[in-house]
Amino acid sequence: MKPLRKAIFPVAGMGTRFLPATKSVPKEMLTVVDRPVIDYAVREAVEAGCDTLIFITGRSKQAIANYFDRSPELENELEEKNKTEALEIVRNIIPSHVNCIYIRQAEPLGLGHAVHCGAPLVHPDEYFAVLLPDDLIDGYQKGALQQMNEVHERTGSSVIALEQVSWDEVSQYGVVAPKNEHQIPIELAGIVEKPKREDAPSNWTVVGRYILNGKIMQLLETTQRGAGGEIQLTDGISELLKTETILGVPFSGKRFDCGSKAGFLEANLHFGLGLLKRGGR
Ligand code: G1P
């Protein structure tokens, strides 16, 4: 089995919940302490071994590409002024062996459509990761994607991150039907996008981390609009489930929903307090 190398980051969303800040700054570039939200997901993917990062972007998202690019003017200036610590930070945003590729999603047709925009770069025989940067995860001991990749390497299956939430919240997420929820990893019997509470098969919900068989790209080509009138990744996964085993991993770590103001604030408090405890300024 080929090692996991490619990761897709859907980052075309408008970020309307964070207006007016997101009028000129992509929501993925809002900072949690001193790093943009997207940086956390990228570091998690690199830690898990990914070296090809595919960003599905939209209009006004150039700041993301600029952030991951080298900045010779800034580096020269820092070097001249002998600001070695700052220089190191700027030079080490991503390791030099990692490549970033940007694809524009012309129309906001949904997460399934965004992932499918990466199809030309994913071979049907290889597994790839999808990370939704809004879900910021502080993994205990190791990153969530690394934890999932260990399960993937052991089993050869597609793997999805899961979290158990209160029944009041299930309608906001993709929800899985577990074959046996007491057996970890949880084998999926089904998956459904944003069901009503009374229709939800369980309260095990999908967190924005996936390791998927490249075959899903072909399935997404014909996936019809689903929940919210959008082409849903969940519906593509449901199709994939008809032909192969998919495992759910309840990762160890804390997730913050940086797509909401409360979650974003909580993430800042969590990482900010961590910094203060370490005596940082
Ligand atoms: C997306 C997925 C959903 C998943 C969620 C995790 O929804 O469609 O299945 O549970 O991310 O954050 P969104 O939050 O983009 O509406």
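Throughout, numbering of the chain's residues begins at 1 and tracks the sequence. Basis for what follows: all heavy atoms, side chains included, without hydrogens, waters or symmetry-related copies. Both ligands and their constituent atoms are indexed starting at 1 by order of listing.
The ring of Tyr40 has its center closer than 6.0 angstrom to the ring center of Phe271.
Distance from atom 12 (O) of ligand 1 to its nearest protein heavy atom, with residue and atom name: Asp135 OD2, 2.7 Å. Nearest non-hydrogen protein atom to atom 4 (C) of ligand 1 is Val206 O, 3.4 Å. For atom 11 (O) of ligand 1, the closest non-hydrogen atom of the protein is Leu132 CD1, 3.3 Å. Here the heavy atom of the protein found nearest to atom 2 (C) of ligand 1 is Glu193 OE2, 3.6 Å.
For atom 15 (O) of ligand 1, the protein comes within 4.0 Å by no heavy atom at all.
Looking at Lys194 against ligand 1, only its side chain comes within 4.0 Å, counting heavy atoms.
In summary, the side chains of Thr223 and Gln232 do not present any donor paired with an acceptor at a separation below 3.5 Å, with no hydrogens or angles considered. Between Asn92 and Glu88, the side chains place a donor N or O and an acceptor N or O closer than 3.5 Å (distance only, hydrogens not considered).
Residues Phe18 and Phe264 have side chains in contact (heavy-atom distance under 4.5 Å, counting atoms from C-beta outward). No side-chain heavy atom of Lys196 sits less than 4.5 Å from a side-chain heavy atom of Val170.
Of all the atoms in ligand 1, the ones that sit under 4.0 Å from a non-hydrogen atom of Thr234 are 9 (O).
The N/O atoms of Gly174, backbone and side chain alike, include one that comes under 3.5 Å of an N/O atom in ligand 1.
The main-chain N or O of Lys179 is never found under 3.5 Å from a side-chain atom of Glu181 such that the two would form a donor-acceptor pair.
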